[in-house]
Amino acid sequence: MIVHLSDLSWLDSCKGLTALFLFWMVWWKWSERKIIWFERWVWAILLPLQLTVGGFVYHYQVQKYSNSEGGDASALLLNASKLHELSKSSPEDYWSLIVNGKPYSQLGETTTIGMKIWSKTNHYGFPNEKQLMVRLTSCLLWLSGKSYTLVFFTYAFIAWMGLYLLSSLLRHTMPRASFLVFWLALLASPSVLVWTSLPSKEGLLLLSTAIFLWGIYLLQHNNWMAILYLFVAIILMFEFRVFLFLCAIPAFFFTLFTRFFSRLSAKTSFVLSLVLPIVLICLLQIWAWQYQPSVIRSDFESQEAYERENGQSYARQVQQPGVNILEKLKFKRLDLEVEAKQKHAATQIDLPKIDGSVYGLIQGMPVFIWNGVVGTNWFKLNYRYWIWGFERGLFALALLFLCFRFINSEQPEPILATLLLWAICIGCFLGMLMPVLGNISRYYAVVHLPVILFYLGSRYSGKAVEKRCPTSFH
């Protein structure tokens with residue numbers, strides 16, 4: 001049964017209010033003499049604002065998608081609740097599913113069959129992030145005594161931590177930037193506040209983005225604590241949204257070039273960081289073509305929708321074994337297109353076909369980049385989606401400005417180059433695979449705020465990099 005906020009008990013609500021009160025006490029004590037009083041108040045108000053926005057968005061999704069499971073956040077709570085009920089009837093099955101994702105008995109297997117987002121056959125060997133989210137949320141329900149308000153509070157607090165770390169990074173990299181710069185950037189990024197306020201992966205990914213950028217910054221300032229931060233960020237990105245990790249590889253190359261090859265200029269390192277991963281992918285693809293046995297696919301490709309059952313793809317049955325990247329991209333796109341049609345996505349768009357060839361990929365790349373970075377046809381859609389069109393347009397202008405700043409600067413800021421590499425790669429990847437503009441905006445939210453943040457900081461701070469290395473996040 002879908003979890004409705006109006007059905008929550010008074011005890012559940014009291015748990016959430018108690019957690020918010022404790023947060024205020026700890027925050028007020030910790031922030032004393034670290035930041036000005038006005039900023040302390042604003043940060044104290046931000047968390048209840050996130051909870052309010054999250055509640056409204058959750059209620060809207062439940063009403064709009066009442067014929068299914070009420071949207072992603074509602075489906076997550078519903079499936080986590082089913083798993084939590086198993087802790088009472090079969091603790092062995094519950095902890096076996098929580099620890100390793102495998103049932104202990106037939107009862108556990110029956111429970112997982114009834115959870116729609118537990119199984120995912122089209123993840124192509126990467127971690128099943130939806131199953132991991134169900135297990136994590138079920139653990140939160142178990143720890144909180146099945147309190148949904150505490151689950152909302154926990155995810156909102158994780159996103160709040162990510163926002164605070166980004167704000168502290170701005171203070172260290174652009175010390176002359178105004179305090180208002182961060183809040184202007186947040187107002188210009190409504191998707192960040194909307195999606196990270198819900199029980200979802202976005203809050204965890206926002207935190208991993210902040211930790212990743214902090215790790216890059218510390219590494220560029222010879223602070224070896226960066227290894228810990230980068231390790232945590234990589235684990236979070238790899239487990240919860242693997243393409244963020246894959247798109248961060250050029251940023252890692254750039255950091256290594258600037259750290260260990262000081263004779264290379266920042267611009268040369270930037271170009272090499274883009275070219276080297278492409279060369280490695282091409283070599284890997286050539287190896288896949290030359291040494292992997294071919295598979296006859298004509299019988300499968302002649303079937304409509306590639307033999308789907310219950311919305312799950314059997315594309316893996318017709319892939320070449322191993323690392324044929326172009327084939328994986330081809331079938332992943334087909335998975336996403338069929339899923340968008342099944343869910344009647346309101347912002348679905350047509351993309352150039354990926355046919356598994358290098359020529360087809362290169363031919364469609366301009367459209368992929370445009371859709372990924374800017375987004376198209378926003379104003380041909382319902383007026384309710386125009387706000388995302390304005391947001392994406394502002395993001396594209398900010399990214400373009402930062403690119404010109406990087407090109408025209410004699411000594412470009414390393415953290416700026418790292419962010420540009422990451423944002424551009426994410427845009428290309430999403431534009432190539434994702435046929436729904438709304439999902440592109442949602443997945444881009446975690447990198448949207450840092451780009452807007454550094455754009456505004458660059459405009460209002462003058463010199464951008466502080467030479468000292470930070471010792472704390474304040």
Side-chain angles (χ1 to χ4, degrees), residues 1-9 11-13 15-16 19 50-51 54-55 57-105 107-121 123 127-159 195-208 236 239-241 310-312 343 442:
M1 183 177 179
I2 295 178
V3 179
H4 292 271
L5 296 181
S6 58
D7 296 335
L8 299 181
S9 65
L11 180 59
D12 200 342
S13 302
K15 289 180 180 179
Q50 289 176 269
L51 291 170
V57 176
Y58 180 87
H59 178 73
Y60 170 77
Q61 288 186 344
V62 167
Q63 297 300 318
K64 183 177 181 180
Y65 304 106
S66 58
N67 58 335
S68 56
E69 290 188 339
D72 291 344
S74 176
L76 174 63
L77 291 182
L78 177 60
N79 286 268
S81 179
K82 291 180 180 179
L83 184 58
H84 176 264
E85 293 299 324
L86 193 62
S87 65
K88 303 174 182 178
S89 57
S90 179
E92 297 85 359
D93 275 304
Y94 176 77
W95 290 111
S96 178
L97 289 169
I98 291 294
V99 174
N100 55 36
K102 297 179 181 179
Y104 180 79
S105 68
L107 179 59
E109 185 174 352
T110 303
T111 302
T112 57
I113 292 175
M115 295 190 291
K116 292 184 179 181
I117 65 174
W118 181 265
S119 299
K120 181 182 178 182
T121 60
H123 55 84
N128 184 350
E129 73 281 358
K130 291 186 177 181
Q131 184 185 114
L132 187 59
M133 284 298 297
V134 172
R135 290 155 64 184
L136 176 61
T137 307
S138 182
C139 279
L140 292 176
L141 289 175
W142 183 79
L143 290 171
S144 62
K146 202 176 181 180
S147 171
Y148 294 105
T149 55
L150 286 182
V151 171
F152 267 87
F153 176 86
T154 302
Y155 281 109
F157 177 72
I158 290 172
W195 295 117
T196 61
S197 299
L198 291 166
S200 64
K201 299 184 290 289
E202 274 63 36
L204 288 161
L205 294 171
L206 180 63
L207 179 61
S208 69
L236 288 174
E239 291 292 338
F240 290 103
R241 193 155 283 161
N310 297 325
Q312 301 298 331
K343 294 185 177 181
R442 175 178 178 177

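Below, all heavy atoms of this structure are taken into account, side chains as well, without hydrogens, waters or symmetry copies. Counting from 1, the numbers follow the sequence of the chain as shown.
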Worksheet item: Between S208 (side chain) and L205 (backbone), is there a donor-acceptor pair under 3.5 Å?
Response: yes
Practice prompt. For T196 and E202, indicate whether the former's side chain and the latter's backbone hold a donor-acceptor pair under 3.5 Å.
Written response: no
Worksheet entry | CG-NZ distance between L76 and K130, expressed to the nearest 0.5 angstrom | 10.5 Å
Item to complete: Any chance you could measure E129, atom CD, to Q131, atom CD, to the nearest 0.5 Å?
Response: 10.0 Å
Worksheet, complete the sentence: In this structure, OH of Y94 is separated from SG of C139 (nearest 0.5 Å) by 4.5 Å
Discussion item. Side chains of L132 and F240, heavy atoms from C-beta outward: is any pair under 4.5 Å?
Written reply: yes
Item to complete: Supply the atom-to-atom distance W95 CH2 to N100 CG, rounded to the nearest 0.5 angstrom.
Response: 12.5 Å
Worksheet item: Is the shortest heavy-atom distance from the side chain of L136 to the side chain of L204 under 4.5 Å?
Response: yes
Item to complete: Check for a donor-acceptor pair, side chain of T149 on one end and backbone N or O of D12 on the other, with a separation under 3.5 Å.
Response: yes
Worksheet item: Any idea which heavy atoms bring S138 and A80 closest together, and the distance?
Response: OG-O, 3.6 Å
Fill in: Any S81 side-chain heavy atom under 4.5 Å of Y148 side chain
yes
Worksheet item: Side chains of L107 and S89: does their closest heavy-atom pair fall under 4.5 Å?
Response: yes
Worksheet item: Has the side chain of T154 got a donor or acceptor atom that lies under 3.5 Å from a matching backbone atom of L150?
Response: yes
Worksheet entry | Residue of the set L97, T110, I98, T112 for which side chain to side chain contact (heavy atoms under 4.5 Å, CB included) holds with L86 | L97
Fill in: Interatomic spacing from CG in L198 to OH in Y155 - rounded to 0.5 Å
11.5 Å
Item to complete: Quick one: do E239 and K201 satisfy salt bridge (Lys or Arg N to Asp or Glu O under 4.0 Å)? Show the steps, please.
Response: CA-CA 10 Å; E239 291 292 338; K201 299 184 290 289; over 6 Å; no
Worksheet item: Is a side-chain N or O of D93 found less than 3.5 angstrom from the main chain of P103, in a donor-acceptor match?
Response: no
Worksheet, complete the sentence: On a heavy-atom basis, the closest approach of F152 and S197 is CD2-O, 4.4 Å
Discussion item. When you measure from the side chain of S96 to the backbone of E92, do you find a donor-acceptor pair of N or O atoms at a distance under 3.5 Å?
Written reply: no
Worksheet entry | W195 backbone acceptor or donor facing S200 side chain under 3.5 Å | yes
Response to the item:
Of all heavy-atom pairs linking P199 and V151, the shortest is CB-CG1, 4.5 Å
